[in-house]
Amino acid sequence: MSETLLQDLKARGLVAQMTSEEELEKHLSEGSVTLYCGFDPTADSLHIGSLVPLLTLKRFQEYGHKPLALVGGATGLIGDPSFKAQERKLNDDSTVAGWVEKLKKQVSAFISFDCGDNSAEVVNNLDWTQNVNILTFLRDIGKHFSVNQMIAKESVKQRIDREGAGISYTEFTYMILQSYDFQQLNASHGCTLQIGGSDQWGNITGGTELTRRMNGNQVFGLTLPLITKSDGTKFGKTESGTIWLDAAKTSPYAFYQFWLQTADADVYRFLKYFTFLSVSEIEQIEKDDAERQGRPEAQRVLAEETTRLIHGEEGLAAAKRITEALFSGDTSSLSEQDYAQLAQDGLPSSVLDLDAVADSPLTTILSEAGMAPGGKQVKDALQRNAVIVNGNAHGMDDNMNATGVFAAENALFGKYFLVKLGKKKHHLFTNA
RNA sequence: GGUGAGGUUCCCGAGUGGCCAAAGGGAUCAGACUGUAAAUCUGACGCGUAAGCUUCGGUGGUUCGAAUCCACCCCUCACCA
């Protein structure tokens with residue numbers, strides 16, 4: 001590769017801030033660097049908000065550097081106050097410990113543990129913090145921090161300056177804990193670089209300073225940009241909630257659909273952030289899309305690349321199979337086996353016991369199946385004839401007619417009902 | 001410990017005795033238009049097919065009637081000590 005890693009990252013727009021660019025560039029060129037990025041357990045799975053840092057670790061590894069994925073068994077117990085408007089509730093330690101185990105597995109999927117000298121490692125900061133004595137902490141670590149500097153950090157400013165906000169000592173200490181992580185990893189693993197989201201800048205620089213003071217070593221920090229959408233809404237959320245990396249929480253199909261629905265204004269930027277396609281390849285795609293009128297290819301490429309990264313070839317194949325079937329408009333081409341496969345591939349599905357629900361209105365049946373959060377929305381769709389069962393549109397008239405709608409003679413292959421609510425929500429009912 | 005400000009439906013935020021299931025904005029959902037896009041327009045947005053039912057930190061109370069008044073409690077925040 002003629003281009004350096006930093007040049008590539010910058011071309012992708014993946015660098016928000018870094019400590020002394022020239023020195024970091026030089027440091028990275030001098031051989032394999034050990035770097036780390038922390039992931040705090042705040043839920044039982046990572047979501048796509050963590051994707052950029054994870055992929056960046058992988059990018060570093062591809063350039064021969066050694067990534068450490070740090071799972072915040074300790075910091076997760078405290079809660080990062082950075083740019084958070086208010087104090088957060090503490091999670092109890094057994095919960096956090098359970099999440100730590102899940103996150104370990106997830107982060108492991110991205111980086112290689114079997115590539116020689118720069119094989120990745122997963123570390124847990126609970127290992128080096130849980131037995132630190134409070135007096136040791138205050139005298140050996142705390143002494144290096146100036147409260148004046150800490151309160152001046154942009155990341156906690158709004159909590160300190162703003163009326164109606166506040167910050168507990170617990171959360172205020174978070175920065176010290178994270179700084180300590182960097183110092184410890186520098187001592188134990190020779191780690192010299194920390195990466196993280198741009199909200200982590202304050203915590204990262206805290207770590208570089210602590211390492212310099214305690215270990216006498218110069219270490220570096222680099223932050224990644226916050227992913228924004230052109231329409232100003234929050235990235236990574238949809239009507240059905242957060243997009244998780246765990247296939248059990250967000251199916252490969254739903255994941256694929258999420259990316260497919262990326263706005264034009266964002267898609268080329270996202271290709272640079274979330275795929276390993278080279279910048280020039282991405283520019284070519286953009287050019288081709290511009291020349292060809294109509295639907296751009298970029299969304300499809302983005303969805304394929306990301307789904308493959310997270311869920312593998314199989315997950316991608318499943319996602320595409322469902323997408324083909326549902327959006328081609330031609331479900332008649334599907335065989336009986338195809339229907340059985342759809343449910344397995346992650347198309348939302350459920351078993352319908354017509355005897356049990358014969359008296360229920362469709363609003364109840366469909367909302368309980370998870371097609372809509374409440375009956376009201378099903379009702380709204382019914383009033384607009386936007387509920388399609390095996391190709392037949394239904395309106396309010398059929399609301400109390402579950403028996404007729406789901407009559408055995410209408411079932412495909414004697415047992416399948418493919419229900420479509422609106423343009424994008426599909427659900428497969430199987431006759432009991 | 002003292003003083004002050006607060007806790008409203010997913011979020012922000014109006015509402016200070018009946019006209020309040022509760023303004024407005026955001027987010028979200030559906031329809032039209034489209035490219036499973038954006039923008040725009042329309043409708044929905046506590047629960048319920050409906051009749052109706054349950055909400056405004058909690059518990060009691062005043063009242064024909066309370067998100068609104070009173071008492072106590074819980075929680076958050078700010079300032080002071």
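Chain identifiers are assigned alphabetically (A, B, ...) following the order of the sequence lines, protein sequences preceding nucleic acid strands; residue numbering begins at 1 within each chain. Both backbone and side-chain heavy atoms feed into the values below; hydrogens, waters and symmetry mates do not.
At a threshold of 4.0 angstrom between heavy atoms, the contacts of A/Pro296 include nucleobase atoms, whether or not backbone atoms are also involved. In this structure, A/Thr323 reaches the bases: a heavy-atom distance under 4.0 Å links it to at least one base atom across the strands shown. When heavy atoms are screened at a 4.0 angstrom cut-off, A/Gln299 is found touching base atoms of the nucleic acid. A/Ala263 comes within 4.0 angstrom of the backbone, heavy atoms only, and of no base. As judged by a 4.0 angstrom heavy-atom cut-off over every strand, A/Lys379 is placed among residues touching the sugar-phosphate backbone only.
The side chain of A/Thr364 contributes an N or O atom lying less than 4.0 Å from OP1 or OP2 of B/U49. Phosphate proximity of B/A37 to A/Lys424: present, with a side-chain N or O under 4.0 Å from OP1 or OP2.
Taking atom NZ of A/Lys376 as the reference point, atom P of B/A21 lies 14 Å away to the nearest angstrom. Going from atom CZ of A/Phe258 over to atom C1' of B/A37 covers 14 Å, rounded to whole Å.
In this structure, the nucleotide among B/C33, B/U49, B/G35 sitting nearest to the side chain of A/Lys423 is B/C33. The nucleotide whose nearest atom lies closest to any side-chain atom of A/Asn399 is, among B/U42, B/U49, B/U34, B/U49. Taking the side chain of A/Arg384 as heavy atoms from C-beta on, and the options B/G35, B/U42, B/C45, the nearest nucleotide is B/U42. Distance from the side chain of A/Lys425 is smallest to B/C29 among B/C47, B/U36, B/C29. Counting only heavy atoms from C-beta on, A/Asp380 has its side chain closest to B/G43 among B/U36, B/U49, B/G43.
For the P atoms, the distance from B/U63 to B/A50 is 37 Å, rounded to whole Å. Rounded to whole Å, the P atom of B/U42 lies 41 Å from the corresponding atom of B/U59. The gap from the P atom of B/A66 to that of B/G17 amounts to 14 Å, rounded to the nearest Å. The gap from the C1' atom of B/G65 to that of B/G1 amounts to 41 Å, rounded to the nearest Å.
Shown here, B/U55 forms no base pair; nothing in the strands shown gives a Watson-Crick or G-U wobble contact with both key distances under 3.5 Å. Pairing of B/C19, defined by two Watson-Crick or G-U wobble distances under 3.5 Å, is not identified with any nucleotide. Base pairing of B/C45 is not made with any nucleotide, judged by Watson-Crick or G-U wobble geometry with both donor-acceptor distances under 3.5 Å. Judged by Watson-Crick or G-U wobble contacts below 3.5 Å, the nucleotide B/C10 has B/G26 as its partner. B/U40 is paired with B/A32 under the Watson-Crick or G-U wobble criterion, all donor-acceptor distances under 3.5 Å. With a cut-off of 3.5 Å on both Watson-Crick or G-U wobble distances, the partner of B/A78 is given as B/U3. Remark: B/U63 base-pairs with no nucleotide in the shown strands. Criterion, Watson-Crick or G-U wobble with two distances under 3.5 Å.
Judged by distance alone, with hydrogens and angles left aside, A/Gln257 brings a side-chain donor or acceptor within reach of the base of B/U36, the pair sitting under 3.5 Å. A donor N or O paired with an acceptor N or O is found under 3.5 Å between the base of B/G35 and the side-chain atoms of A/Asp264.
The aromatic rings of A/Trp259 and A/Phe255 stand perpendicular to each other, their planes meeting at an angle above 60°, with 30° marking the opposite boundary.
Using a 4.0 Å cut-off between a side-chain N of Lys or Arg and a carboxylate O of Asp or Glu, A/Asp246 and A/Lys102 do not qualify as a salt bridge. Between A/Asp140 and A/Lys143 there is no salt bridge, since none of the side-chain N atoms of the basic residue sits less than 4.0 Å from a carboxylate O of the acidic one. Salt-bridge check for A/Lys287 with A/Glu283: failed, with every basic side-chain N at 4.0 Å or more from each acidic carboxylate O.
In this structure, A/Phe274 has its ring center under 6.0 Å from that of A/Phe235.
Between A/Asn186 and A/Tyr36, every side-chain heavy-atom pair lies at or beyond the 4.5 Å cut-off.
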